[in-house]
2 protein chains.
Amino acid sequence: MQDKAKEMNYQPNTLASNLRTQKSNTIGIIVPHITKYFFSTAISGIEEEAHEQGFNVIICQSKDSVELEAKNINTLMSSRVDGILISPAIETSSVEHIQTAINRNIPVFFFDRHIDSISTTKVITDDRSTSKELTLHLLSQNIKRMAVLTGDQSVSIYKNRVKGAFEAFQESGYNTEDKLIMQQIHLNMDDAYRVVNEMLDNKMEFDAVFAMNDMAAIGTQKALQDRGLRVPEDVLVAGFSNELISKLVSPPITTVHQPAKEIGKMATKKMVNYIKEKDKGLIASETTVLESKLIIRASTQRDKVE
Amino acid sequence: MQDKAKEMNYQPNTLASNLRTQKSNTIGIIVPHITKYFFSTAISGIEEEAHEQGFNVIICQSKDSVELEAKNINTLMSSRVDGILISPAIETSSVEHIQTAINRNIPVFFFDRHIDSISTTKVITDDRSTSKELTLHLLSQNIKRMAVLTGDQSVSIYKNRVKGAFEAFQESGYNTEDKLIMQQIHLNMDDAYRVVNEMLDNKMEFDAVFAMNDMAAIGTQKALQDRGLRVPEDVLVAGFSNELISKLVSPPITTVHQPAKEIGKMATKKMVNYIKEKDKGLIASETTVLESKLIIRASTQRDKVE
DNA sequence: CTGAAAGCGCTAACAT
DNA sequence: ATGTTAGCGCTTTCAG
């Protein structure tokens, strides 16, 4: 009787439930930029998985600033989120704000970018080994000298990608001092364009460029082509992350596909699981490594074209 | 004394406050796909503005499905969001779920895509007039016949873009039956590629293509080039939305830049304002039209190149 | 096994 | 002006 009346259009008040249980059924997300395809795809995975498990997601952007990131963490803490998934800002000098949240018993898990010194659950990709694989592919084309355009080496993912490239050189018995030029840049199209032009102005010699993300690879390719150099005939070009655009430029660019959506889903699964198990005292931090995949396209193939 | 002790690290419990005030200080967002650049950019604007005003944002994707959209609305209602910003799904046949929320006194505002039959606040762009402007630009190049690739005409934005194109023809005194070919497609790269090839197979004649989004324009351009036709020498190609990629393909594509971030910010301002004024009974729905901007690139310029 | 009662931590109304 | 108290609607506990 009452039951039926209730079933008609009874809506339990989540606010009251949240207060009583001290749980918000909400997961906070912090990413550098929502508009980057990798992150929006990861968020898409997080959103799907979270909703399936009855959790909401609150989104924050750090704009790659530690200050904003700290603010975001405060916002999320005061919203009483049950956990935080974060891909931290570039400048990871200070990690207090993250420790603060953890100390307050709010789980903070990393996805993609991560901070080694903080012991918590992480869901990352095997950037190092795929970067190595890509470099071996470049070396197999008898290149004389390879330029690497990398980002801030304090960012885990860039550090690992560089590490992989070095490993490939060492494994192949090549001298990295002779055959490798390292350039740290802002990994975007404009800066890559500028730096490659500078390198050419300075008569640096190289016949392959491995940029640590696709936008930088595209800027590189454009710079080379504007100077009359052909890709891949004169210089090979490779990127990283498999942005949509990387297969649409001419020639399409060899890159590494990262399972962004799966990373998001996996991180969410780990988090939800942790939240549910937390009460039972089962706390263990683990690092999950998802496989990324080398995608070879025309920009690094001298013989056949995709 | 106590004050100081409290100031040290007192964190008011938002959950309790929310229950007491019956407000969540949260705005719900529903978009078709987070991963589309336009939407992630709009969300970025919403996030910034909302946080500035002390509101959180919960994000949902409808995947362009009315069922999922209805589910999202339920999720947001049960989360007791103070308002919902929505860019509705393609198939807007049923609008009950949106009406339900409005009837329950939860404000639902539209941004970008919108449903005319629902009377509420809307923040949109002047697609029609910019589409007209773009078409006039094409007509000024003495084209003989223009093909329009459009999406579902029940979607407000596509309908308005087509309307603008028609207006340009009429204003110029051209007969749309002779000079205009309309093709309704799925507005993505692959479908555009397929349809343009079909049109060429069927010996349809046209020397300009206006695709109602950039990805379709890129598919069009690729199809034309693969058949040995030159852009812009043989066929002009124009798109819509100014995706990042549209200026990176070869030739760069003429398109319309929409102020995605500003749309998000404006919609959020209207919503926050409404939420604050609601108690005072000041309810008025208004439609704000933001200006978009024609960006002419090489794909539609026979004389000079950008 | 069903039903009443206490309490989560705040805010708003009321009384001092 | 300041201090006290009731109550938001759930969940959990405790009594019947």
Side-chain angles (χ1 to χ4, degrees), chain A residues 1-28 50-51 53-58 71 73-84 100-107 271-282, chain B residues 1-28 50-51 53-58 71-84 100-107 271-283:
Chain A
M1 217 91 112
Q2 312 156 321
D3 298 323
K4 258 189 189 164
K6 283 195 171 185
E7 273 171 18
M8 296 294 282
N9 55 4
Y10 171 64
Q11 287 276 113
N13 187 324
T14 314
L15 267 33
S17 166
N18 288 349
L19 173 60
R20 179 61 241 238
T21 59
Q22 301 287 30
K23 291 199 172 86
S24 61
N25 290 308
T26 300
I27 294 170
H51 280 178
Q53 306 245 20
F55 281 76
N56 280 324
V57 295
I58 293 183
K71 264 193 197 168
I73 287 198
N74 276 329
T75 303
L76 294 176
M77 286 197 302
S78 81
S79 295
R80 293 292 205 273
V81 295
D82 299 327
I84 295 174
T100 307
I102 295 178
N103 294 344
R104 289 212 192 168
N105 207 26
I106 298 169
M271 179 58 82
V272 170
N273 209 48
Y274 180 90
I275 293 168
K276 287 180 177 165
E277 301 292 318
K278 193 167 76 159
D279 309 328
K280 301 172 195 158
L282 300 172
Chain B
M1 217 83 120
Q2 312 156 322
D3 299 323
K4 259 189 187 163
K6 283 194 170 184
E7 272 171 20
M8 297 294 282
N9 53 5
Y10 170 65
Q11 288 276 113
N13 187 325
T14 314
L15 267 33
S17 166
N18 287 348
L19 173 61
R20 178 63 242 239
T21 59
Q22 301 288 30
K23 291 200 172 80
S24 61
N25 290 307
T26 300
I27 293 170
H51 280 179
Q53 306 246 18
F55 281 77
N56 280 324
V57 296
I58 293 184
K71 264 192 197 168
N72 288 334
I73 288 199
N74 276 329
T75 304
L76 294 176
M77 286 197 301
S78 81
S79 294
R80 292 293 204 272
V81 294
D82 299 327
I84 295 174
T100 307
I102 295 177
N103 295 343
R104 289 209 192 170
N105 207 26
I106 298 168
M271 178 58 83
V272 169
N273 210 49
Y274 180 90
I275 292 168
K276 287 180 177 164
E277 301 293 319
K278 193 167 74 160
D279 309 329
K280 301 171 195 159
L282 301 172
I283 310 177

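Order of the sequence lines fixes the chain letters, A, B, ..., with proteins taken first and strands second; residue numbering starts at 1 for each chain. Model, not experiment: these values are computed from the prediction.
Taking the side chain as every heavy atom from C-beta outward, Met77(A) and Ile106(A) approach each other to under 4.5 Å. Between His51(B) and Lys71(A), every side-chain heavy-atom pair lies at or beyond the 4.5 Å cut-off.
Asn18(A) places its CG atom 15 Å from the P atom of dC10(C), with the value rounded to the nearest Å. The CG-C1' distance, from Asn13(B) to dG7(C), rounds to 13 Å in whole Å. Gln22(B) places its CD atom 13 Å from the C1' atom of dA12(C), with the value rounded to the nearest Å. As rounded to whole Å, 14 Å separates atom C1' of dC10(C) from atom NZ of Lys23(B). Atom pair Arg20(A):CZ and dA5(C):P shows a separation of 16 Å (rounding to whole Å applied).
Between dG9(C) and Tyr10(B), no contact under 4.0 Å exists linking OP1 or OP2 to a side-chain N or O. Close to dT11(C), at under 4.0 Å from its OP1 or OP2, lies no side-chain N or O of Thr21(B).
Distance check, rounded to the nearest 0.5 Å: CG of Leu19(A) to CZ of Arg20(B) gives 12.0 Å. If you take CD1 on Ile27(B) and CD1 on Ile84(B), they are separated by 10.5 Å, rounding to the nearest 0.5 Å. Taking OG1 from Thr26(A) and CD1 from Ile58(A), the interatomic distance works out to 5.0 Å, rounded to the nearest 0.5 Å. Between atom CD1 of residue Ile73(A) and atom OG1 of residue Thr100(A) there is a gap of 7.5 Å, rounded to the nearest 0.5 Å.
End-to-end axis angle of the helix from dC1(C)-dG16(D) to dC14(C)-dG3(D), from C1' rotation axes over five pairs per end: 50° (rounded to 10 degrees).
For DNA chain D, the outermost nucleotides in 5' to 3' order that have an atom under 4.0 Å from a heavy atom of chain B are dA6(D) to dG9(D).
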Step-by-step side chain to side chain contact (heavy atoms under 4.5 Å, CB included) determination, Thr14(A) to Ser78(B): CA-CA 6 Å; Thr14(A) 314; Ser78(B) 81; 4.2 Å; yes
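Closest non-hydrogen pair, Gln11(B) versus Arg80(A), comes out as O-NH2, 4.0 Å.
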